[in-house]
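A short worksheet on the structure shown next.
Excluded from the calculations below are hydrogen atoms, water molecules and symmetry mates; all remaining heavy atoms, backbone and side chain alike, are included. Since we're looking at a predicted model, the values are computed, not measured. Along the sequence shown, residues carry numbers from 1.
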Amino acid sequence: MHVCGFSHVAVSWLEFQTHHSGRITAWKPSRWRNANGIRAEVKFVKPDEAKKLVTEEGYAVVDVRDRTQFERARIKSCYHVPLFIENKDNDIGTIVLRTVHNNFSGLFFGLPFTKPNPEFTESVKNQFSAGSKLLLVCQEGLRSAAAANKLEKAGFENIACITSGLQSVPPGTFDSEGKTELQDAGKAGLVTVQGKISAVLGTVLICAFLFITFFPDQAEKLLELAPTS
């Protein structure tokens, strides 16, 4: 569907591997067709256009970010249906990947180790009809695009996304709640430590982690030599 005055494109989808587990999709301009003809278009809009969709067109905001980013900052009265959920699986492969993730992405960027939410589409369908107007939001724009792909395939006809995610939303655009601004909800971990302290501390921790990982015997001997209180 077309909303007069709003910039939008139809989308098709590319699949690529994430550093978490599973896959995520990205979009490129094109049209989709199925047996019934051209499918509904997914609108990609700027923050001010997104605000008008909500206030003037009656779009409901569906936040598809993980729980940690959602709790840091969110649009008031939005619905939270995460596209990815925390991966707590305990098979050996997952444990290894989770350990590596937590010592890098988790430590420096505050990102949880996640996997695709198998109940995402059903959770949305339980709360909205196929004709509902939905504004999907995430932090950078990729997850909302992937979520739009899933919902479009499930029959939803009126979907919009903020082109570059909440990181592009100026303060005050939406009424929000949480301990930070919407655009800063993706910032956590050691990257929030400012200046040279961040660079030095990050370098030291990375070197220490690599030393312990590849030279565990030597690391254990050094720890034995360290003074104890």
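Considering only residues two or more places apart in sequence or on other chains, Phe70 meets the ring-ring contact (aromatic ring centres under 6.0 Å, His included) condition with His80. Residues passing the side-chain contact (heavy atoms from CB on, under 4.5 Å) test with Pro171 are Glu181, Gln183, sequence neighbours excluded. Remark: Ser132 pairs with Ser129 by the side chain to side chain donor-acceptor pair (under 3.5 Å) rule, at least two apart or across chains. Take Glu119 and apply the salt bridge (charged side-chain N to carboxylate O under 4.0 Å, His left out) test, not counting sequence neighbours, and it matches no residue. Glu122 is linked by a side chain to side chain donor-acceptor pair (under 3.5 Å) to nothing, counting only residues two or more places apart in sequence or in another chain.
Salt bridge status for Lys46 with Asp48: absent, with no side-chain N to carboxylate O gap under 4.0 Å. Between Arg74 and Glu177, at least one side-chain N (NZ, or NE/NH1/NH2) sits under 4.0 Å from a carboxylate O, which counts as a salt bridge.
Closest heavy-atom contact between Ala147 and Leu83: N-CD2, 4.0 Å. Nearest heavy atoms, Cys161 versus Ala148: SG-CB, 3.8 Å. Scanning both residues, Ala154 and Lys125, for their nearest heavy atoms gives CB-CD, 4.5 Å.
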| request: Take Asp63 and Val137, measure what side-chain contact (heavy atoms from CB on, under 4.5 Å) needs, and give me the verdict at the end. | output: CA-CA 5 Å; Asp63 194 319; Val137 300; 3.9 Å; yes

| request: Walk me through it: do Phe156 and Lys150 pass the test side-chain contact (heavy atoms from CB on, under 4.5 Å)? | output: CA-CA 9 Å; Phe156 284 84; Lys150 289 180 175 291; over 6 Å; no

| Could you go step by step and tell me if Gln127 and Val81 meet the side-chain contact (heavy atoms from CB on, under 4.5 Å) rule? | CA-CA 10 Å; Gln127 299 180 70; Val81 187; 3.6 Å; yes

| message | Does Ser144 form a side-chain contact (heavy atoms from CB on, under 4.5 Å) with Ile162? I'd like the steps, not just the answer. | response | CA-CA 8 Å; Ser144 57; Ile162 299 177; over 6 Å; no

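Formation of a donor-acceptor pair under 3.5 Å by the Ser176 side chain with backbone atoms of Ile75 is not found in this model. Remark: the backbone N or O of Pro82 is paired with a side-chain donor or acceptor of Asn117 at under 3.5 angstrom.
Distance CG/Asp175 to CG/Leu182: 10.0 Å, rounded to 0.5 Å. Expressed to the nearest 0.5 Å, how far CZ of Arg65 lies from CD of Glu140 amounts to 9.5 Å. Rounding to the nearest 0.5 Å gives a distance of 11.0 Å between CD of Glu157 and CG of Leu134. Between the CD atom in Glu57 and the CG atom in Asn158 there is a gap of 10.0 Å [rounded to 0.5 Å]. Atom CG of residue Asn126 and atom OG1 of residue Thr121 lie 10.5 Å apart, to the nearest 0.5 angstrom. The line from CD of Gln139 to OG of Ser164 is 11.5 Å long, rounded to the nearest 0.5 Å.
Considering Lys43, Lys133, Lys51 as possible partners of Tyr59, the one that fulfils the side-chain hydrogen bond (donor to acceptor under 3.5 Å, both in side chains) test is Lys43.
Side-chain contact between Lys153 and Asn149 is present, with heavy atoms from C-beta onward closer than 4.5 Å.
At a cut-off of 3.5 Å, with distance as the only test, a side-chain donor of Arg143 or Gln69 sits close to an acceptor on the other residue.
Screening residues 115-145 for ring pair (Phe, Tyr, Trp, His ring centres under 6.0 Å), with sequence neighbours left out, gives Tyr79-Phe128.
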